[in-house]
Amino acid sequence: MAILFDSTSRLFTLKTNHSMYQMKADRYGVLLHTWFGMKSSAFDYSYRISYADRGFSGNPYDAEDDRTYSLDVLPQEFPTYGSGDYRSTALKIRYPDGTSACELRYLKHEINEGKYSLPGLPAIYADSADTLSDTLIITLEDTRHMFYVHLYYGVMEGLDIITRAVCVENHSEADIYIENIQSACIDYLHGNFDLHTFYGRHVKERNYQRAPLTHGIQSIGSTRGTSSHQYNPFLILSDRDTTEDHGNCYGFSLLYSGDFLGSAELDQYDQTRLLLGIHPDNFCFCIKPQERFYAPETAMAYSCHGLGELSRIFHRTYRSHLCRGKWTNERRPVLLNAWEGVYFDFDGKKLVQMAKDAANLGVELFVMDDGWFGKRDLDVSGLGDWIVNEEKLGCSLLELSDAIHDLGLQFGIWFEPEGINEDSNLYRTHPDWVLKVPGKSPTRSRLQLLLDFSREDVRDYIFTHICKVLDSARIEYLKWDLNRSLADLYSAALPAERQGEVMHRYVLGLYDMLEKLIQRYPDMLIEGCSGGGGRFDAGMLYYTPQIWCSDDTDAIERLSIQYGTSFGYPVSTMGSHVSHCPNEQTGRIAPLHTRATVAMSGTFGYELDVNKISEEEKEIVKSQIIEFRKYYSLIQYGNYYRLTNPDQTTAYHGWEFVAADGSEALLCLVALQIHPNGPGYWMRLKGLKEDSVYVIDGREYPGDVLMNGGLLLPQATEEYQSFRIHIIEKSNF
Ligand code: DGJ
């Protein structure tokens, strides 16, 4: 059992293969957090807490005249608002009498075999012997006896992952309101941490940022209704001297696709509190008597071997215990998406010609992007009218998909189910179905509005129409896009006192529809997208095993975007394509080889008009697809190593995939600058077997030498030249 309970000291110790997490219900029933980090014996770590009489840090009444016991200082598992803990807290309730001061005390717990799941929300799952997992549910009771808080813990021993989720259960006769609920709170007794976050904007997502924690609250978050391009719901705390390969670090990932808040507070005693959960700004949820509310799951991992190992823990977990269904393990098709090749300017004939050209190169799936439905020749109209525009295509969707299948290709199609244009039949018929505040003009973005996905009737209508399209033709792939942030949160279906639920209900509605879709089309490959990576989060990955990483397809820009993304997410989830040069977004010219090197470190595909590339380039593309198939398992299932940071490197940026058994590796390099008569460069490899001999281009090197002395890199002779270097263990050669 990975969960130990000592009934005398009321100590809970959760152990994975390499980490340990500990809590203790103390003498007053307060659930203290005593440890998260390196695994050791299940000793009671509460010995590390110092008690002292501290001015202006009050004492709970149960502590009687003990002035050294203060919630303002103690490390707690689920601190609440209003009862003497003045730091940021994990729960704020509005009681029926309008007050908010809340105290929780330990009531009971249960330990179950297997990993819990959450109704209507994504959750990491365990379905095989390699993922021994157990669940602990600790129930805390509100001292006014109005509600329970059930704290869920999933311990995935072999994966080195611990998950948390929270459920609030109303057991009073009146409505109570949750004004803030954070899924995870981790209190550390020390504070000399660095905080690592991922910020960005449209076409420049998930830039890596590392900064020392300072006194006060440092936070990231989203109030856009999506996890957003701007910040990602994944953050890391580390020791100051932690590197890629050494040192302590802790990763926190929220499985949620809406508003979120991640904060780290360095308090008056140099202690740190990390909180991660739904952003409270657009949130106030009513729980009726006997009802339960579930807050989303947070996945947590600890590594004492630096950031690289921390990422690999998340990669392994998300690849095969978050992504679900057929595409978890099956090789995904190499696709060609028509978007950057033709945008809205196509008809059926043009698409079939594109598909024909693509098939000749070895592409396996052809994707028709935006523009095939309603009145949609630009991005200003038609959204919401999911009816095939046969006039534009010049044929039915079945005829088009048949023609594409006749070429030996699978067929995929784009939808933006949540979006609606005012210039659409749907809007003209149901103007009340959009997110729009009565008496106020709505905020437009890309000249579109959003459907109220918190409403089941609205979702049902869209679902029915999408299914009609999907059932009318042979379709194996669906791209689910969303091209704006939420605003004007108001649902015509909710009373005034429940309008604070719209954002969360919208996300639950999104999950509900995605779940229905994957239940109905279990073999369909669904790719998530929100103007690129505006909803690239672990919540979406539960439904869509890959997500379009960014609308920026420039290979050199993508180095930073994919580098940042790799901290929390595996390459098998990163939609990445080779596009035209000069690049549509930046005008940059990068060699075709380099564009493929970068796209191969993702799901791999093309996004161009094959007609517009030279015969010589076509031959190169053919060989790239063959090469990708050869390396597929190594890239998608191998261990990923960041070798350099592209934003701090001026010479070569490098990363590496290593087979789980160390028998082979693929080193990817991009020369960022070129100098005539330049110096020599070496790259230290990682993850190889020290005592094995490896062959590179016919030359033998011991594994330990490659990892210490490094590999002498080839001289780049062209700007942004890249290299893919296969490294094979001699015994497998
Ligand atoms: C944004 C996506 O990220 C693009 O790939 C493309 O699908 C467009 N939307 C279509 O409108």
Side-chain angles (χ1 to χ4, degrees), residues 200-206 224 226-230 232 257 335-346 351 354 365-386 389 392 411-421 423-424 444-451 466 469 475 477-486 525-537 540 544 546-555 557-558 561-562 565 573-580 583-586 595 598-599 602-609:
R201 56 182 183 269
H202 179 225
V203 290
K204 192 85 178 87
E205 299 89 337
R206 291 173 296 286
R224 295 169 174 269
T226 57
S227 47
S228 86
H229 301 83
Q230 284 71 14
N232 194 264
S257 312
L335 66 78
L336 183 128
N337 181 305
W339 179 244
E340 283 198 19
V342 291
Y343 294 108
F344 292 104
D345 179 19
F346 61 84
L351 294 182
M354 277 179 98
L365 162 69
F366 178 80
V367 179
M368 174 172 69
D369 209 275
D370 197 353
W372 55 266
F373 52 90
K375 182 183 138 206
R376 185 78 173 168
D377 287 326
L378 276 177
D379 62 5
V380 297
S381 64
L383 266 190
D385 294 340
W386 300 113
N389 186 341
K392 174 170 178 175
F411 180 58
I413 188 167
W414 178 97
F415 283 95
E416 186 174 350
E418 300 148 82
I420 180 165
N421 286 119
D423 185 2
S424 69
R444 288 175 173 153
S445 184
R446 209 195 192 199
L447 273 189
Q448 70 185 67
L449 304 178
L450 286 172
L451 286 164
I466 287 180
V469 173
I475 300 174
Y477 164 105
L478 185 152
K479 178 170 168 188
W480 181 305
D481 199 355
L482 169 68
N483 282 295
R484 59 161 292 173
S485 307
L486 277 64
L525 175 58
I526 307 181
E527 177 152 354
C529 175
S530 176
R535 204 157 52 183
F536 200 115
D537 58 67
M540 283 306 283
T544 67
Q546 59 192 57
I547 300 175
W548 181 227
C549 208
S550 176
D551 273 350
D552 188 345
T553 59
D554 176 322
E557 292 271 294
R558 275 289 187 122
I561 296 170
Q562 295 181 195
T565 308
T573 64
M574 295 182 208
S576 195
H577 301 163
V578 173
S579 62
H580 278 297
N583 179 266
E584 290 280 320
Q585 292 81 39
T586 61
R595 285 177 268 153
V598 177
T603 57
F604 194 52
Y606 292 81
E607 186 156 337
L608 40 75
D609 186 350

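The analysis underlying the following values was restricted to heavy atoms, covering all of them including side chains, and did not include hydrogens, waters or symmetry mates. The chain is numbered in sequence order, starting from 1. Whatever order the structure lists them in is the order used to number ligands and atoms, beginning at 1.
A cation-pi contact, defined as under 6.0 Å to the ring centre and within 45° of the axis, links Arg558 to Trp548.
Within 4.0 Å of ligand 1, counting heavy atoms only, the contacting residues are Trp339, Asp369, Asp370, Trp414, Arg446, Lys479, Asp481, Asn483, Cys529, Gly531, Gly532, Trp548, Asp551.
Under 3.5 Å, the side chains of Thr553 and Glu340 contain a donor-acceptor pair of N or O atoms. Using modelled atom types, one finds no donor on one side chain facing an acceptor on the other under 3.5 Å when comparing Thr544 with Glu527.
When ring centroids are compared, Trp372 and Phe344 stay outside the 6.0 Å threshold.
Between Lys479 and Glu416 there is no salt bridge, since none of the side-chain N atoms of the basic residue sits less than 4.0 Å from a carboxylate O of the acidic one. Here Asp423 pairs with Lys375 in a salt bridge; the nearest charged N to carboxylate O distance falls below 4.0 Å.
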